[in-house]
Amino acid sequence: MDRHRFGSTNREVAVIGQGTWEIDSDDRASAIAALRLGLDLGMTHIDTAEMYGHAEEVIAEAIIGRRDEVFLVSKVLPQNASRQGTIAACERSLARLQTDRLDGYLLHWRGQYALEDTFAAFEQLQRAGKILAWGVSNFDVPDLEEALEIAGQGRMACNQVLYHLQERAIEHAVLPWCEAHDVAVVAYSPFGHGDFPGPRTKGGRVLEEIAAAHNATPRQVALRFLVRRPSLFAIPKAATPEHAAENAGAGDLHLTKAELARIDEAFPLGPRPRGLPTL
Ligand SMILES: NC(=O)c1ccc[n+]([C@@H]2O[C@H](COP(=O)([O-])OP(=O)(O)OC[C@H]3O[C@@H](n4cnc5c(N)ncnc54)[C@H](OP(=O)(O)O)[C@@H]3O)[C@@H](O)[C@H]2O)c1
């Protein structure tokens, strides 16, 4: 499993991690077996959120006795992200996860509270050792600029954003901004949340051909494309050990420049949305 340095932290984190949204509606034994096998195979970045119902409790069971292996990330809901509310939300997540610390704690998306308040709470939690790093999610460039202005360089570890082959909008401005400011970019819904290109589509056929050349699968090829730069990570969600094993296989797959260019062409970036600032 390849690792990249996680933004401004000094942690080396697995390029392929494990998402957990809706994992509490899956068969519990299978979901726990998937998470554990994922850890065995190096997918040590586990992503969750207070929003994900009972997912944090499923993770707690999966990581019993293995906490030190895990890069554990949770998120505060915007409606809880006041100065005191963020602290209280973090304590609740720690209790559900049965741990004394999070490796990352993120603002799930921007809401009504001032970023100053949320970030002050993050800094307080970090000083107390309850979180080792903090970041944001679903931030566009104007939000990132504001966050940087408030927090200063080197504080915000990551921005977790929607990124998959059929949705590459972050490449226009968010990704370059994050790279310029040493902020890790974590791709969520890397399979499009169940909308993966099928084998009969033009793009799907390209993935099949490249996969065949590596004795790999189209999903492994897709994941690898998404983590092709040192700033990038992906967190596919899997509820079965078979899916987890397949996803982990992307962690040491290496694609040639020509193959990356073919994928780039098969899943075009699309025009720059109007109104996006130029970097
Ligand atoms: N920050 C945010 O706002 C935000 C938003 C969305 C998601 N996220 C995070 O990102 C994670 C991933 O995104 P996602 O859950 O939306 O979707 P996803 O990872 O793009 O796709 C998950 C779907 O793909 C299936 N799958 C996974 N591995 C597979 C494989 N090897 N073969 C066939 N099917 C496979 C899963 O099936 P099974 O479940 O049956 O294995 C599930 O139906 C979330 O779980 C969450 O942690 C964050």
Side-chain angles (χ1 to χ4, degrees), residues 14 16-38 41 43 45-56 58-59 62 70-79 81 93 97 102-111 134-140 143 157-170 174 184-199 204 207-208 211 216-227 232-251 253:
I16 310 295
Q18 308 193 71
T20 63
W21 184 23
E22 296 170 335
I23 211 162
D24 55 341
S25 346
D26 295 309
D27 177 81
R28 192 178 176 97
S30 173
I32 288 172
L35 285 167
R36 287 190 182 152
L37 180 65
L41 298 174
M43 292 194 295
H45 176 177
I46 296 184
D47 177 75
T48 190
E50 61 171 337
M51 193 191 98
Y52 302 165
H54 295 286
E56 290 178 319
V58 175
I59 294 168
V70 184
F71 187 83
L72 186 58
V73 175
S74 191
K75 314 184 198 78
V76 58
L77 277 168
Q79 59 264 38
S93 283
L97 286 160
L102 292 170
D103 297 282
Y105 196 41
L106 317 184
L107 174 59
H108 210 144
W109 64 90
R110 271 199 88 161
W134 62 264
V136 296
S137 177
N138 297 300
F139 269 39
D140 214 332
D143 306 311
C158 70
N159 185 20
Q160 188 182 116
V161 289
L162 177 66
Y163 186 40
H164 56 84
L165 288 179
Q166 302 182 93
E167 178 49 82
R168 296 175 56 192
I170 63 153
V174 169
V185 174
V186 180
Y188 75 64
S189 303
F191 295 141
H193 194 72
D195 184 23
F196 191 74
L207 296 178
E208 296 262 359
T217 70
R219 282 176 191 266
Q220 290 172 338
V221 170
L223 286 176
R224 194 69 218 185
F225 180 83
L226 297 177
V227 299
L232 286 166
F233 301 80
I235 45 168
K237 176 258 180 182
T240 66
E242 293 74 22
H243 286 173
E246 180 176 352
N247 299 345
L253 173 67

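Remember, it's 1-based here, ligands and their atoms both numbered in the order they're listed.
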task = Hey, can you tell me if H108 and Y52 have their rings parallel, tilted or perpendicular (30° and 60° cut-offs)?
result = perpendicular
ask   = Do L207 and F225 have side-chain heavy atoms sitting under 4.5 Å apart?
value =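 Heavy-atom side-chain distance check fails, nothing below 4.5 Å.
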F139 vs V161 side-chain heavy atoms within contact, under 4.5 Å = no
Give yes if a backbone or side-chain nitrogen or oxygen of [X] is under 3.5 Å from a nitrogen or oxygen of ligand 1, and no if not.
X: P236; result: no
X: T48; result: no
X: P190; result: yes
X: N247; result: yes

task = Go through the structure and list residues passing salt bridge (Lys or Arg N to Asp or Glu O under 4.0 Å) with R219, not counting sequence neighbours.
result = none
message = Less than 4.0 Å is my threshold; does some heavy atom of W109 fall inside it relative to ligand 1?
response =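 Checking ligand 1 against W109, which is what was asked, there is no heavy-atom contact under 4.0 Å.
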ask   = Hey, does K75 sit under 4.0 Å from ligand 1 if you only count heavy atoms?
value = yes
Side chain, backbone, both or neither: [X] near ligand 1, heavy atoms under 4.0 Å:
X: S137; answer: side chain
X: R219; answer: side chain
X: F196; answer: neither
X: H193; answer: both

task = Just need the protein heavy atom nearest to atom 24 (O) of ligand 1, so name the residue and atom and give the distance.
result =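 So the nearest neighbour among protein heavy atoms is F191 CD1, 3.9 Å.
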query = Does the protein put any heavy atom within less than 4.0 Å of atom 43 (O) of ligand 1?
reply = no
request  = Taking only heavy atoms of I235 into account, list the atoms of ligand 1 that are under 4.0 Å away from them.
outcome  = 9 (C), 10 (O), 11 (C), 12 (C)
note = Note: ligand 1 atoms sitting under 4.0 Å from heavy atoms of E246 are 30 (C), 31 (N), 32 (N)
ask   = Partners of H45 by ring-ring contact (aromatic ring centres under 6.0 Å, His included), sequence neighbours excluded?
value = F6, F71
